[in-house]
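The next block holds one structure in the form of structure tokens; read it before the comments.
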Amino acid sequence: MSAVTTAVLREMRWWDIEPVLELEHALFPDDAWSPGMFWSELAHARGPGATRHYVVAEDPVTGRITGYAGLAALGDLSDVQTIAVSRDAWGTGLGSELLTDLLKAATAFECATVLLEVRVDNTRAQKLYERFGFEPIGFRRGYYQPGNIDALVMRLTLQEHAPETGTE
């Protein structure tokens, strides 16, 4: 059984794309993101008009990237774009740390709802999302290509923004 490790979460930067791609291809060989997809996402992750939040999890001893995650926000809706943990870090709580970071970012973006797609055959990830309160709301047939794998769409409603009435 893996020991719980403490990874350091930090903002993903352009120099992280190469090691992130190595992990991406190891975990998702059939439908890995391209370098351009990461470059495009990071282009929207900084500055006053930022609509993206991307982080990497770095081993504090070796400096190796053991996970990464990204969120896109538009209005009061956000979407988990990607979340991944190296196989040797499975069961350490790193996935929970990454998802917690994304949900904090969604709150900072003032989003009321977080959506995500997860492969129907990825029960490990589905269980993680369910523990955080995500609920299944539908399917996207053939979403993951080229394997033609369906995606389960899940939703989490963040704290409701109740109107201020001044009375209790």
Side-chain angles (χ1 to χ4, degrees), residues 1-12 16 19-20 22-33 37-38 41 45 50-62 64-144 147 149-162:
M1 182 169 175
S2 299
V4 174
T5 59
T6 304
V8 176
L9 299 189
R10 63 169 176 78
E11 177 186 11
M12 184 188 293
D16 296 315
V20 163
E22 289 176 21
L23 187 52
E24 175 85 0
H25 284 280
L27 294 169
F28 312 111
D30 295 331
D31 50 11
W33 280 25
M37 292 170 78
F38 281 106
E41 289 296 294
T51 58
R52 303 293 192 274
H53 174 80
Y54 276 76
V55 294
V56 293
E58 196 172 62
D59 182 298
V61 176
T62 65
R64 184 175 73 93
I65 291 177
T66 56
Y68 56 91
L71 179 91
L74 181 61
D76 68 349
L77 182 66
S78 60
D79 189 79
V80 173
Q81 299 291 293
T82 187
I83 186 166
V85 173
S86 64
R87 284 186 179 87
D88 63 335
W90 285 4
T92 64
L94 182 54
S96 292
E97 287 183 52
L98 288 165
L99 186 54
T100 297
D101 185 82
L102 294 185
L103 296 178
K104 286 179 184 175
T107 300
F109 280 126
E110 298 182 355
C111 296
T113 304
V114 181
L115 295 173
L116 61 81
E117 293 89 14
V118 59
R119 289 173 62 112
V120 294
D121 58 358
N122 190 345
T123 55
R124 176 184 207 86
Q126 290 172 33
K127 288 177 182 175
L128 169 67
Y129 302 139
E130 287 169 359
R131 282 197 313 270
F132 276 77
F134 282 85
E135 297 176 337
I137 60 168
F139 293 94
R140 293 183 191 247
R141 303 284 175 210
Y143 184 79
Y144 293 98
I149 306 295
D150 295 345
L152 174 64
V153 181
M154 301 182 82
R155 175 180 60 207
L156 174 68
T157 302
L158 299 175
Q159 183 176 0
E160 297 292 332
H161 299 286

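Along the sequence shown, residues carry numbers from 1.
A side-chain donor-acceptor contact under 3.5 Å links E24 and Y68. Side-chain atoms of Y54 and E11 include no donor-acceptor pair closer than 3.5 Å.
Using a 4.5 Å heavy-atom threshold, the side chains of L115 and I137 count as touching. L158 is listed as a side-chain neighbour of T107, based on a closest heavy-atom distance under 4.5 Å. In this structure the side chain of W33 reaches within 4.5 angstrom of the side chain of T82, judged on heavy atoms.
Paired with R10 under the rule salt bridge (Lys or Arg N to Asp or Glu O under 4.0 Å), one option of D59, D101, D16 passes, and it is D16.
In this structure, E135 contributes its side chain and M154 its backbone to no donor-acceptor pair below 3.5 Å.
With respect to E117 and R140, a salt bridge is recorded, a charged nitrogen being found less than 4.0 Å from a carboxylate O. Residues R119 and D150 are not paired through a salt bridge, judged by the lack of any N-O separation under 4.0 Å between the basic side chain and the carboxylate.
Judged by a 6.0 Å distance limit and a 45° cone about the ring axis, R141 is positioned over the six-membered ring of F139.
Here the closest heavy-atom approach between residue V85 and residue L27 is recorded as O-CD1, 3.5 Å. Minimum interatomic distance between V120 and A151 (heavy atoms only, all atoms of both residues): CG1-C, 4.0 Å.
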